[in-house]
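Positions are given from 1 along the sequence. Just so it is clear, the values below take in all heavy atoms, side chains as well, and ignore hydrogens, waters and symmetry mates.
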Amino acid sequence: MDREYAMCRFVVVGLELTRQSGQFDVAAVAALAVQGEDWTAQWRVHARVGTAPEASAPSAAERHPVVWAESAADALAVIERKLTPDPHVVVARLGTVEAGVFRTHRAACPRLASQVVWDSLRLAQLACPSVKELSESALASALGVGLPDRHAPLTEAVWATSEICRRAVAQGVAAGRWGTLRQIDDLVGKRPPPVEPEYLPTGPVQESLFEGQ
């Protein structure tokens with residue numbers, strides 16, 4: 001891959017949604033930031049919406065501490081505070097739902113809502129054209145990624161998404177399907193509409209990875 005890929009920080013984001021009164025609410029968010037050809041971990045976040053249980057002990061399955069937030073906006077703001085003006089790409093399982101949630105809460109996470117979002121499963125489909133069953137489990141299996149069970153912490157699902165994306169990128173490079181960040185971005189990137197100026201923090205902000213280019 002090219003220098004832009006090596007310099008970019010990928011933020012893999014997962015959401016836990018619950019259905020309330022006919023609509024979906026965010027119950028938790030998790031994120032894993034990685035960088036470099038080998039996707040070296042930079043930071044992790046796991047934030048749940050609600051009140052922390054009194055004297056709660058961490059689950060044996062939970063490797064990283066949980067931050068408790070009063071609202072979905074506050075939970076997303078935990079990730080927002082980790083972002084910098086450097087180039088970022090958000091990676092998500094599908095991308096559409098996640099981008100919609102970021103957009104809804106853009107007042108709390110304007111940088112996050114400004115990033116291009118990669119659809120990791122679409123990337124896996126393109127990297128594995130011989131896979132006929134286009135389910136997450138089939139694509140993950142083709143890439144040698146084990147999926148966590150449905151009761152596993154959200155952080156485990158985020159790790160699986162990161163591995164699906166990382167291995168799909170590598171497989172596509174090996175097959176000559178792509179070789180630059182921009183090529184992948186054109187194939188699976190979802191570009192958000194601009195965030196209104198009043199929501200943006202002062203100082204340089206990456207409104208889009210390829211804005212004006």
Side-chain angles (χ1 to χ4, degrees), residues 1-15 29-45 76 79-103 106 109-129 139-140 142-145 158-195 197 199-213:
M1 292 293 288
D2 62 345
R3 186 176 183 276
E4 279 187 302
Y5 181 88
M7 296 298 294
C8 185
R9 181 164 293 184
F10 298 90
V11 182
V12 188
V13 177
L15 304 176
V29 299
L32 168 63
V34 297
Q35 189 167 4
E37 293 284 348
D38 58 353
W39 280 41
T40 302
Q42 305 295 310
W43 51 260
R44 295 177 174 86
V45 163
L76 291 167
I79 300 175
E80 177 76 8
R81 289 192 289 271
K82 295 280 190 179
L83 303 184
T84 69
D86 298 323
H88 290 75
V89 165
V90 173
V91 176
R93 181 175 175 272
L94 294 173
T96 303
V97 172
E98 294 85 354
V101 170
F102 303 156
R103 179 71 182 174
R106 61 193 181 278
C109 58
R111 290 187 193 273
L112 187 61
S114 298
Q115 308 304 320
V116 171
V117 181
W118 281 9
D119 179 335
S120 65
L121 293 188
R122 177 57 182 157
L123 184 62
Q125 292 173 17
L126 295 174
C128 304
L139 292 166
L143 292 166
V145 178
V158 167
W159 179 86
T161 297
S162 74
E163 280 296 286
I164 288 171
C165 188
R166 182 182 69 82
R167 297 187 187 199
V169 169
Q171 187 153 313
V173 169
R177 300 184 190 283
W178 47 69
T180 69
L181 181 71
R182 293 186 184 218
Q183 287 175 323
I184 299 177
D185 189 81
D186 288 340
L187 290 169
V188 300
K190 303 179 190 303
R191 290 173 172 80
V195 171
Y199 294 139
L200 295 173
T202 57
V205 174
Q206 177 201 359
E207 294 197 16
S208 176
L209 185 60
F210 307 126
E211 183 185 18
Q213 299 183 15

Quiz item: Checking side chain to side chain contact (heavy atoms under 4.5 Å, CB included) for the pair T180/E4: CA distance, chi angles, key distance, verdict?
Solution: CA-CA 8 Å; T180 69; E4 279 187 302; 5.9 Å; no
Self-check item: R44 side chain reached by W159 side chain, heavy atoms, under 4.5 Å
Solution: no
Quiz item: Do R9 and D86 come within less than 4.5 Å of each other through their side chains, counting heavy atoms only?
Solution: no
Self-check item: Over all atoms of both residues, closest heavy-atom pair of A41 and V34
Solution: CA-CG1, 4.1 Å
Quiz item: Any donor and acceptor pair, going by atom type alone, linking the side chain of D2 with main-chain N or O of L181 inside 3.5 Å?
Solution: yes
Self-check item: Spatial distance of atom CZ (R111) from atom CG (L76) [nearest 0.5 Å]
Solution: 15.5 Å
Self-check item: Minimal non-hydrogen separation, A127 against Q171, with atom names
Solution: O-NE2, 3.3 Å
Quiz item: With distance as the sole test, does R167 use its side chain to make a donor-acceptor pair with the main-chain N or O of G144 at under 3.5 Å?
Solution: yes
Exercise. Please confirm whether the backbone N or O of A160 pairs with a side-chain atom of E163, one donor and one acceptor, at under 3.5 Å?
Key: no
Quiz prompt | Expected output: side-chain Q42 to main-chain A33 donor-acceptor under 3.5 Å | solution = no
Exercise. Give a yes or no on whether the backbone of G179 and the side-chain of Q183 come within a donor-acceptor separation of less than 3.5 Å.
Key: yes
Practice problem: Show the numbers, then the answer: is there a side chain to side chain contact (heavy atoms under 4.5 Å, CB included) between L83 and H88? | Solution: CA-CA 8 Å; L83 303 184; H88 290 75; 3.8 Å; yes
Quiz item: Would D119 and L121 count as a side chain to side chain contact (heavy atoms under 4.5 Å, CB included) if you check the C-alpha gap in whole Å, the side-chain angles of each, and the deciding distance to 0.1 Å?
Solution: CA-CA 6 Å; D119 179 335; L121 293 188; 3.9 Å; yes
Exercise. Working to the nearest 0.5 Å, report the span between NZ of K82 and CG of L112.
Key: 14.0 Å
Self-check item: Distance (rounded to the nearest 0.5 Å) between E98 CD and W118 CH2
Solution: 15.5 Å
Self-check item: Backbone N/O of A6 and side chain of E37: donor-acceptor pair under 3.5 Å
Solution: no
Quiz prompt | From CZ (R122) to CG (L94), nearest 0.5 Å | solution = 12.0 Å
Self-check item: CG on L123 to CG on L143, rounded to 0.5 Å
Solution: 9.0 Å
Quiz prompt | Closest non-hydrogen atom pair between S114 and L200, with its separation | solution = OG-CD2, 4.2 Å
Self-check item: Atom of A113, atom of R106 and distance for their closest heavy-atom approach
Solution: CB-CB, 3.8 Å
Exercise. Test T40 against Q35 for side chain to side chain contact (heavy atoms under 4.5 Å, CB included), laying out the working first.
Key: CA-CA 5 Å; T40 302; Q35 189 167 4; 5.9 Å; no
Quiz prompt | Nearest heavy atoms of R177 and L126, plus distance in Å | solution = CD-O, 3.3 Å
Quiz item: Parallel, tilted or perpendicular: which describes the rings of W39 and F10, with under 30° parallel and over 60° perpendicular?
Solution: parallel
Quiz item: Got Y5 and V89 here, is their nearest side-chain heavy-atom distance under 4.5 Å?
Solution: no
Quiz prompt | Approximate separation, where rounding is to 0.5 Å, of C109 SG and R103 CZ | solution = 10.5 Å
Quiz prompt | Shortest non-hydrogen contact between A140 and I164, atoms and distance | solution = CB-CD1, 4.0 Å
